[in-house]
Protein chains: 2
Amino acid sequence: MKDMQQDDGNSAGAGGFEVKRGQARLKDIARSLNVSISTVSRALGGSHDINAETRKAVVEMAGRMAYAPNQVAQSLRTNKTNTLGIIVPDLTTYFFSANLSGFQEVAAEKGYNVMICQSNESYEEELRNISTLMASRVDGLIISLSKQTSNYDHLQALYKKGIPLVLFDRVCDDIETTRIMVDEHDGALKATEHLIEMGCKRIAHLSGPENLSISRRRLQGYSDALQRYDIPLREELIRHTQHLNRQRPGSAGAELAGAVFSARCHLCH
Amino acid sequence: MKDMQQDDGNSAGAGGFEVKRGQARLKDIARSLNVSISTVSRALGGSHDINAETRKAVVEMAGRMAYAPNQVAQSLRTNKTNTLGIIVPDLTTYFFSANLSGFQEVAAEKGYNVMICQSNESYEEELRNISTLMASRVDGLIISLSKQTSNYDHLQALYKKGIPLVLFDRVCDDIETTRIMVDEHDGALKATEHLIEMGCKRIAHLSGPENLSISRRRLQGYSDALQRYDIPLREELIRHTQHLNRQRPGSAGAELAGAVFSARCHLCH
DNA sequence: TTGTATGCGTTATCAA
DNA sequence: TTGATAACGCATACAA
């Protein structure tokens with residue numbers, strides 16, 4: 001009464017292998033070959049203690065049925081989703097989408113999927129995003145904080161739970177975790193030195209808003225380069241603009257993501 | 001021998017409720033209250049046949065333990081992940097990231113997560129992306145095809161499997177599925193009419209590359225508007241540029257996604 | 001070499 | 001009103 005007609009609606013009629021609805025499972029392959037599920041699992045898993053012919057038959061059948069392991073089931077077993085959660089304030093901002101592009105690219109290389117959320121610069125939404133991603137049991141989080149965020153308890157909580165966390169660009173120094181930031185000072189320094197070495201004499205600096213530390217770090221780099229070459233700093237060559245130019249090549253995100261993965265090697269495999 | 005010391009490492013020592021590593025589970029709540037797992041499940045699930053006090057205690061404990069249902073386990077049971085897969089050629093292109101932003105926003109509203117892939121304009125990568133997302137058992141796919149893609153068997157296969165599929169912008173007419181496209185003709189027509197109604201007399205048209213049907217549709221809209229107002233078309237006012245201006249407000253994606261969800265209402269709940 | 005049993009976290013069914 | 005059990009798909013420890 002237990003092994004009779006336990007048809008789950010996923011097998012075809014007499015002798016057919018076709019899986020009518022949905023994806024093929026180990027069970028479907030097992031049935032069509034009259035072997036056990038574990039045999040199929042081992043054959044596909046590359047186990048050594050398995051008959052060569054059995055393996056061949058299983059592999060072939062798996063191909064015919066377009067079998068692909070159910071990541072969801074694997075995740076439940078292993079407690080690992082191979083998915084990273086990324087939270088950015090806004091995806092229409094080039095800086096964030098370019099970085100996302102890089103994160104996604106590197107993640108894919110390492111066999112990770114990427115789940116994306118937007119906080120819309122709202123602290124509340126940032127909290128909700130984290131909850132959602134944690135409910136999906138992502139293996140790690142990459143976050144650029146919302147402008148509203150000034151309380152960091154939610155990040156501290158992640159840290160306590162042992163969730164791998166990486167902050168980028170909009171970071172928070174109070175949290176003990178990997179932070180990824182553009183080296184504004186070094187960038188400005190190198191750019192200025194480059195111009196000097198090209199023979200430029202009067203080099204202007206278009207600065208961002210004065211109140212941002214980013215602007216100050218860039219200005220300092222510019223200033224340091226001039227000093228290094230004994231060129232006097234001339235105030236009239238510095239212009240403070242309202243907007244911060246944060247455009248940068250699409251590869252920037254890839255580099256950042258590279259840093260992520262080298263910093264957090266337990267995410268890599 | 002069966003119910004002795006089955007400590008899975010997730011419970012704390014004598015009397016403590018703390019879940020040491022990872023997230024709290026129903027089992028953790030059940031243990032700390034000396035009730036069964038199913039009671040806890042029902043209490044949190046809002047079932048009616050449950051003692052009011054029991055529910056109160058369970059809910060409170062769940063809060064204290066920061067319990068959040070394991071989406072992975074739920075997905076395995078229900079065969080539904082509440083996740084959409086999105087494949088775009090490239091995330092650094094504003095058009096795609098702006099649309100992604102809209103898709104994600106609407107998806108989040110409806111309780112869906114979004115998993116993102118980039119094909120890098122490669123047919124092979126597009127295939128891999130689909131496999132990856134299908135392995136993760138996404139509930140549906142939103143795809144903008146790669147430039148390389150000229151064979152549509154992979155889309156046909158999705159259709160056969162009954163996977164909800166939406167194509168946007170880079171669509172393919174051979175597939176029987178929801179397609180989302182910008183109405184280039186109507187946009188150009190309305191824009192031109194607007195200028196005419198503002199009193200403009202000599203209206204120029206900056207067209208994209210002549211070989212693209214998009215360019216032709218826009219030009220036709222421009223042309224039709226002039227004709228509607230009996231304004232002669234003057235060739236010297238038409239300039240063919242090399243680049244296609246596809247910048248558009250971030251809300252475009254939201255509108256598109258709205259179309260997705262209204263077209264595919266079985267995704268909505 | 002293969003099969004059986006178990007568990008991952010959750011919920012629905014059935015029994016008490 | 002509550003508890004025990006089975007099932008989702010997979011992989012592994014154990015038995016044969």
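Below, read A as the first sequence line, B as the second, and so on, with proteins coming before strands; counting in each chain starts at 1.
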For A:Asp49, report the nucleic acid contact type (base, sugar-phosphate, nothing); a contact means any heavy atom under 4.0 Å.
-> base
Quick one: CG on B:Leu84 to CZ on B:Phe103, what's the gap to the nearest 0.5 Å?
-> 10.0 Å
Residues of residues 36-48 of chain B with any non-hydrogen atom less than 4.0 angstrom from an atom of DNA chain D: list those, numerically ordered, please.
-> B:Ser36, B:Ser38, B:Thr39, B:Arg42
Starting at CG of B:Leu26 and ending at P of D:dT2, how long is that distance when rounded to a whole Å?
-> 16 Å
Would one find a side-chain N or O of B:Gln74 under 4.0 angstrom from OP1 or OP2 of C:dG9?
-> no
Considering only heavy side-chain atoms of A:Ala73, the closest of C:dT10, D:dG9, D:dT1 is D:dG9
Whole-Å distance between D:dC10 P and A:Asn70 CG?
-> 6 Å
For the pair A:Arg55 (side chain) and A:Ser47 (backbone), establish whether a donor and an acceptor sit closer than 3.5 Å, ignoring hydrogens and angles.
-> yes
How would you label the contact of A:Val72 with the nucleic acid (heavy atoms, under 4.0 Å): base, sugar-phosphate, or nothing?
-> nothing
State whether the side chain of A:Asn51 and the backbone N or O of A:Glu53 hold a donor-acceptor pair below 3.5 Å, judged by distance alone.
-> yes
Can we say B:Asp49 and B:Arg42 salt-bridge, meaning some charged N sits less than 4.0 Å from an Asp/Glu carboxylate O?
-> no
Separation of D:dA11 atom P from A:Lys27 atom NZ, nearest Å, is 15 Å
Rounded to the nearest angstrom, tell me the gap between atom NZ in A:Lys80 and atom C1' in D:dA11.
-> 16 Å
Looking only at C:dA12, D:dA11, C:dT2, the nucleotide nearest the B:Arg77 side chain is C:dA12
Scan A:Thr54 against the nucleic acid and name what it touches under 4.0 Å (heavy atoms): base, sugar-phosphate only, or nothing.
-> sugar-phosphate
Whole angstrom value for the distance that separates C1' of C:dT10 from CG of B:Asn82 = 14 Å
Taking D:dG3, D:dT1, C:dC8 as options, the one with an atom nearest any side-chain atom of A:Leu76 is C:dC8
Short side-chain to backbone donor-acceptor contact, B:Asp28 and B:Arg25, under 3.5 Å = yes
In whole angstroms, the gap separating C1' of C:dT10 from CG of B:Asp28 amounts to 13 Å
Starting from C1' on C:dG3, measure out to CG on A:Leu33 and report it in whole angstrom.
-> 15 Å
Take the protein atom CG of A:Asn34 and the nucleotide atom P of C:dT1, then report the distance between them rounded to whole Å.
-> 20 Å
For B:Ala52 and for A:Ala68, locate the closest nucleotide of DNA chain D by heavy-atom distance; then report the residue assigned to the nucleotide nearer the 5' terminus.
-> B:Ala52
Among A:Ile142, A:Val88, A:Leu91, which one satisfies side chain to side chain contact (heavy atoms under 4.5 Å, CB included) with A:Leu100?
-> A:Leu91
Hits for side chain to side chain donor-acceptor pair (under 3.5 Å) against B:Thr132, two or more places apart or cross-chain, chain-then-number order -> none
